[in-house]
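To start, the structure itself, in structure tokens.
If you read the sequence from its start, that first residue is 1, and numbering goes on from there.
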Amino acid sequence: MSTATKPNHIGHKIGRIRELRGLKQESLAYELKVSQQTVSKIEQSENVEDQILEQIAKILGVTPEGIKNFSEEAVFNIIGNTFSDNSSNNNNYLCTINPIEKIIQLYDEKVALLERLLQSEREKVELLKGKQDQS
């Protein structure tokens, strides 16, 4: 009994290419004007109608033949043979700062600063009231 997928299972190939492209089933469904469940059924199907395959290929940015001939092993071989670690080269700098988290942090700092300023102004008012009462 083999657990390997059939080599020409078009649905699995569509699903894998979609994942490699960073698309969710919902996004593909929206582009195809079908439900997410329909996309799921397509990805479970061994064969897909040519017309649907052409639409999916266009959305994924590949040709129908590219889907039919897709080989995950070939993709990873290409990546493995062309990727090199240039850690000393800063041309490939990847930003690790989440801008939304940074904005929230700056906002929190601003609120804290304004609260300290407000407290300082309250203390000044209390001091002035104290001096006025003494007069």
Side-chain angles (χ1 to χ4, degrees):
M1 183 172 171
S2 174
T3 58
T5 59
K6 294 183 179 180
N8 205 21
H9 195 289
I10 301 299
H12 287 170
K13 291 179 179 187
I14 291 170
R16 194 61 184 125
I17 293 169
R18 176 187 55 74
E19 290 170 353
L20 289 170
R21 291 282 192 192
L23 284 176
K24 294 189 177 232
Q25 284 185 341
E26 292 85 3
S27 300
L28 184 57
Y30 176 79
E31 293 293 325
L32 289 171
K33 297 175 179 56
V34 297
S35 68
Q36 179 269 327
Q37 290 81 4
T38 302
V39 171
S40 179
K41 288 178 185 175
I42 290 171
E43 291 183 1
Q44 293 171 13
S45 301
E46 189 171 339
N47 296 308
V48 177
E49 293 177 25
D50 287 340
Q51 181 183 2
I52 295 172
L53 185 62
E54 285 182 35
Q55 290 175 334
I56 292 171
K58 184 176 181 182
I59 293 166
L60 295 176
V62 296
T63 63
E65 293 76 30
I67 293 174
K68 291 177 183 176
N69 298 326
F70 175 75
S71 166
E72 194 166 339
E73 294 80 21
V75 170
F76 289 118
N77 282 338
I78 291 169
I79 292 171
N81 291 333
T82 58
F83 178 79
S84 61
D85 184 11
N86 294 328
S87 44
S88 64
N89 183 355
N90 288 334
N91 291 336
N92 297 326
Y93 175 76
L94 297 175
C95 181
T96 57
I97 297 171
N98 183 344
I100 302 220
E101 288 179 3
K102 190 65 176 173
I103 290 171
I104 291 170
Q105 178 190 358
L106 292 172
Y107 176 79
D108 291 342
E109 290 174 6
K110 181 179 179 180
V111 168
L113 180 62
L114 288 173
E115 288 174 348
R116 287 195 309 268
L117 183 60
L118 183 60
Q119 182 60 35
S120 173
E121 291 299 317
R122 286 181 182 147
E123 291 171 3
K124 286 180 188 176
V125 168
E126 290 300 320
L127 257 170
L128 291 173
K129 281 183 182 178
K131 285 185 178 184
Q132 186 180 15
D133 291 342
Q134 289 176 358
S135 301

Would you list the atom pairs, donor with acceptor, under 3.5 Å between side chains in residues 48-59 and any protein atom, with sequence neighbours excluded?
none

Tabulate below the donor-acceptor pairs under 3.5 Å that side-chain atoms of residues 111-133 make, not counting sequence neighbours, or state none.
unit_1 : atom_1 : unit_2 : atom_2 : d
Glu121 : OE2    : Lys124 : NZ     : 3.4

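For Thr63, there are no side-chain hydrogen bond (donor to acceptor under 3.5 Å, both in side chains) partners, not counting sequence neighbours. Residues that satisfy the side chain to side chain contact (heavy atoms under 4.5 Å, CB included) test with Glu101, not counting sequence neighbours, are Asn98.
Transitive grouping of hydrophobic side chains (ILVMFWY, heavy atoms separated by less than 4.5 Å) keeps Val34 and Tyr30 in distinct clusters. Grouping the Ile, Leu, Val, Met, Phe, Trp and Tyr side chains by contacts below 4.5 angstrom, directly or via other members, places Leu23 with Val62.
The structure places CG of Leu32 at 9.0 Å from OG1 of Thr38, a figure rounded to the nearest 0.5 Å. Distance check: Asn8 CG to Lys68 NZ gives 8.5 Å after rounding to the nearest 0.5 Å.
Hydrophobic side-chain contacts under 4.5 Å tie Ile100 into a cluster, directly or through other members, with Ile104.
In summary, the side chains of Ser27 and Glu31 do not present any donor paired with an acceptor at a separation below 3.5 Å, with no hydrogens or angles considered.
Judged as a salt bridge (Lys or Arg N to Asp or Glu O under 4.0 Å), the pairs with a partner in residues 17-27 (not counting sequence neighbours) are, in order, Arg16-Glu19, Arg18-Glu43.
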